[in-house]
Amino acid sequence: NAGVTQTPKFQVLKTGQSMTLQCAQDMNHEYMSWYRQDPGMGLRLIHYSVGAGITDQGEVPNGYNVSRSTTEDFPLRLLSAAPSQTSVYFCASIRPGGGTEAFFGQGTRLTVV
Amino acid sequence: SQQGEEDPQALSIQEGENATMNCSYKTSINNLQWYRQNSGRGLVHLILIRSNEREKHSGRLRVTLDTSKKSSSLLITASRAADTASYFCATDEGNQFYFGTGTSLTVIP
């Protein structure tokens, strides 16, 4: 079972560049989300989706866009990278129903210089 | 922010000792979960406790929940070097999961 797959694992961007972080899951989970993890801050929710065609903002959505055209994929786009977006990004998926665990990808370490 | 907070931020113990970490959260919850994160890896689910439960066990893990105090604790008994990791509590509010700031546990062989 692949679970949740994130690509790339590492990325260095220059300020102002754009890029897309990929996330795919093969568990047919409806709910997917993106988090960023910074030292001392824990994980903060960026955007989430409750199903194909439906997305919503989390705690820290500014500077990021998402779309959900299929159940499997939930890409995160940085439109114009800033040094403040240097972080580790995690994608997670959850199967439908309340009280269920989240499955995480291995993370993407992004550095914006 | 709706994040919880773990306490302590860091904990160092000898192998074989017990480790206790605490989590406080801000809003009413349906359930609370604990996750482990090994260095450089994603989070892995450990245990879930529902709001109508007060205590739950899973192997060497014991979780308690006090909804009146909006707090939970995770006890790892007979710790091993392999338990070295960061531990996070998480609450789910509808479709959104909120994580605490984490406790970094080091178990010294």
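Numbered from 1 within each chain, the chains take letters A, B, ... in sequence-line order.
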- Note on the structure: Between A:Gln37 and B:Phe88, the two heavy atoms sitting closest are NE2-CZ, 3.4 Å
- Between the CG atom in A:Leu45 and the CZ atom in B:Phe97, the distance rounded to the nearest 0.5 Å is 10.5 Å
- Message: Taking atom CZ as the centre, does B:Arg80 end up with more than 12 heavy-atom neighbours from other residues, nucleotides or ligands that are less than 6.0 angstrom away?
- Response: no
- Count the heavy atoms belonging to other residues, nucleotides or ligands that lie under 6.0 Å from CD of B:Glu53, then report whether that count exceeds 12. yes
- Query: Does the B:Gln33 side chain pair with the main chain of A:Thr100, one donor and one acceptor, at a distance under 3.5 Å?
  - Reply: yes
- Toward chain A, the part of B:Glu6 with a non-hydrogen atom under 4.5 Å: neither
- Looking at A:Phe103, A:Phe104, A:Tyr35, which one forms a side chain to side chain contact (heavy atoms under 4.5 Å, CB included) with B:Leu43? A:Phe104
- Linking I/L/V/M/F/W/Y whenever their side-chain heavy atoms sit closer than 4.5 Å, directly or via other members, would A:Tyr31 and A:Phe74 fall into one cluster? no
- What part of A:Gln6 gets closer than 4.5 Å to chain B, counting heavy atoms only: side chain, backbone, both or neither? neither
- A:Leu79: hydrophobic cluster co-members (side-chain, 4.5 Å): none
- Give a yes or no on whether B:Leu11 and B:Tyr87 share a hydrophobic cluster (residues Ile, Leu, Val, Met, Phe, Trp, Tyr; joining criterion: side-chain heavy atoms under 4.5 Å apart). yes
